[in-house]
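Report on one structure; see the data block that follows.
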Amino acid sequence: MADYRTIKAEPLTNAIRAIVKAGGSSDREAELVSTNLVEANLKGHDSHGVGMIPRYVQSVTNGGLAVNAHVKVVLDTGPLLTLDGLTGYGQVIGHEAMELAAERAKKNGVCLVGLSNSHHIGRIGHWAEQCIDHGLVSIHFVNVISRPIVAPWGGSDARHGTNPFCVGIPRRGKDPIVLDFATSRIAQGKTRVAHNKGVELEPGTIIDNEGKPTTNPRYTVIPPHGAILPFGEHKGSGLALVCEILGGALSGGQVVKGPSDGKHNVLNGMLSIVIDPGKLGTGENLAHEVESFVAWHTGSPPAAGVDKVKIAGEPERETKKKRLAEGIPVDPTTWQEIIEAGKKFGLDQAAIEKIAG
């Protein structure tokens with residue numbers, strides 16, 4: 001870790017906010033983007049954190065990311081919402097989409113929302129947490145329109161994205177349950193982080209451009225490209241297929257149909273089901289039954305080398321507490337890429353370094 005710089009959350013947020021604002025974003029947009037990215041870093045998901053800024057800047061400059069766009073309502077029947085993200089910053093589009101969905105779920109008991117054409121929507125757990133803040137349960141199926149990076153089970157090349165699946169469940173007076181995972185063995189961004197760090201991946205994670213096993217992350221970052229393998233063999237691959245169709249097609253958006261166009265844009269589609277347990281008439285039942293099962297689940301004697309059995313979302317909260325206190329580690333390659341991204345928007349290195357402390 002000697003080569004790393006450790007930056008506290010607030011100055012890092014300020015630096016990212018300045019870069020986004022320099023690209024023409026409003027104060028509100030720059031705030032939503034910067035806080036969302038730093039939150040991903042705080043929770044240990046560096047793949048969805050500030051390291052995404054260089055890609056965002058590239059997308060803005062090539063016209064694939066629309067600055068200051070807002071979600072467009074295509075259809076609104078109350079319980080059913082169809083939305084178009086108009087290729088705007090996913091941090092803005094996702095936030096606006098979930099606020100609309102929460103409002104309707106609280107009124108009607110449920111809202112099924114199809115969101116298409118959002119630029120990179122980031123860590124999906126963020127949207128589940130937004131629903132949790134409203135006291136709502138949510139389920140999310142997501143697809144990715146970009147360069148295919150994940151191989152189907154039994155395949156030897158990349159055919160789709162990392163296609164996340166997420167569920168958020170609130171708990172009264174206690175930390176919520178947030179299940180959020182890519183349907184690939186690891187997130188694409190984690191391979192970028194490994195490449196930037198110069199470290200190998202675990203065996204069985206990726207294949208090279210000839211479909212052969214490898215541990216070198218370069219095959220997911222620079223040509224010739226290989227592919228990440230699905231998690232859970234055929235089960236993860238099947239869930240990825242479902243996420244592609246529900247998140248991409250049923251939402252009103254697109255599915256992956258072939259190789260990338262060569263641009264580095266990332267569009268997401270997301271189908272979300274947002275439920276008000278109180279309106280369903282099962283709020284009280286949910287509250288006590290969740291606690292009964294969590295107690296039973298976490299009461300299992302820990303296996304060798306494990307400190308305790310945790311619930312989904314707990315490791316992220318532990319990492320956030322640690323990184324708030326100690327700062328966020330940023331590898332030199334990622335930091336230099338952020339500096340270069342800022343330069344494209346007219347911010348020089350000295351200005352960014354000063355803001356980041």
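Residues: numbered from 1 along the sequence shown.
The aromatic rings of His119 and Tyr56 lie perpendicular to each other, with more than 60° between the two planes, well past the 30° mark. By the 30° and 60° cut-offs, the orientation of the rings of His297 relative to Phe293 is tilted.
Residue Glu99 qualifies as enclosed at atom CD: its count of foreign heavy atoms under 6.0 Å is above 12. Environment of NZ in Lys212: sparse, with no more than 12 heavy atoms of neighbouring residues, nucleotides or ligands closer than 6.0 Å. Around NZ of Lys343, the count of heavy atoms belonging to other residues, nucleotides or ligands within 6.0 Å exceeds 12. Atom NZ of Lys21 is surrounded by 12 or fewer heavy atoms from other residues, nucleotides or ligands within 6.0 Å. The neighbour count for Lys310 NZ, taken as heavy atoms of other residues, nucleotides or ligands under 6.0 Å away, is above 12.
Residues Val60 and Val67 form a side-chain contact, since some pair of their non-hydrogen atoms from C-beta on lies under 4.5 Å apart. At a threshold of 4.5 Å between non-hydrogen side-chain atoms, the residues Val167 and Ile177 do not count as touching. Considering only heavy atoms from C-beta on, Asn108 stays 4.5 Å or farther from Val110 through its side chain.
For the side-chain hydrogen bond (donor to acceptor under 3.5 Å, both in side chains) with Glu39, the qualifying choice from Lys320, His45, Gln91, His48 is Lys320, the only one to do so.
Ile121 and Asn268 get closest at one heavy-atom pair: N-OD1, 2.8 Å. Between Leu136 and Lys106, the closest heavy-atom pair is CD2-CG, 4.1 Å. Shown here for Trp335 and Ala356, the closest heavy-atom pair between the two residues is CH2-CB, 3.7 Å. Smallest separation of non-hydrogen atoms from Val144 and Asn163: N-OD1, 3.5 Å. The shortest non-hydrogen separation linking Asp331 to Lys197 is CB-CG, 4.4 Å.
Ion pair Arg323/Glu316 not flagged as a salt bridge, since none of the NZ, NE, NH1 or NH2 atoms sits closer than 4.0 Å to an Asp/Glu carboxylate oxygen. For the pair Glu353 and Arg5, the salt-bridge criterion is met [side-chain N within less than 4.0 Å of a carboxylate O]. A salt bridge is defined here as a Lys NZ or Arg NE, NH1 or NH2 lying under 4.0 Å from an Asp or Glu carboxylate O, and Lys174 with Glu291 meets this definition.
Under a hydrophobic-cluster definition in which Ile, Leu, Val, Met, Phe, Trp and Tyr are linked whenever side-chain heavy atoms come within less than 4.5 Å, directly or via other members, Phe345 and Leu12 are assigned to the same cluster. When the side chains of ILVMFWY residues are joined at heavy-atom separations under 4.5 Å, either directly or via intervening members, Leu115 and Ile245 end up in two distinct hydrophobic clusters.
Judged by distance alone, the side chain of Gln130 and the main-chain N or O of His95 form a donor-acceptor pair under 3.5 Å.
Separating the CD atom in Glu210 from the CG atom in Asp208 is a distance of 5.5 Å, to the nearest 0.5 Å.
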Stepwise salt bridge (charged side-chain N to carboxylate O under 4.0 Å, His left out) check, Asp76 with Arg104: CA-CA 10 Å; Asp76 180 1; Arg104 283 148 184 76; 2.8 Å; yes
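Within the structure, side-chain hydrogen bond (donor to acceptor under 3.5 Å, both in side chains) contacts touching residues 218-238 (residues at least two apart or in different chains) are Thr191-Thr220.
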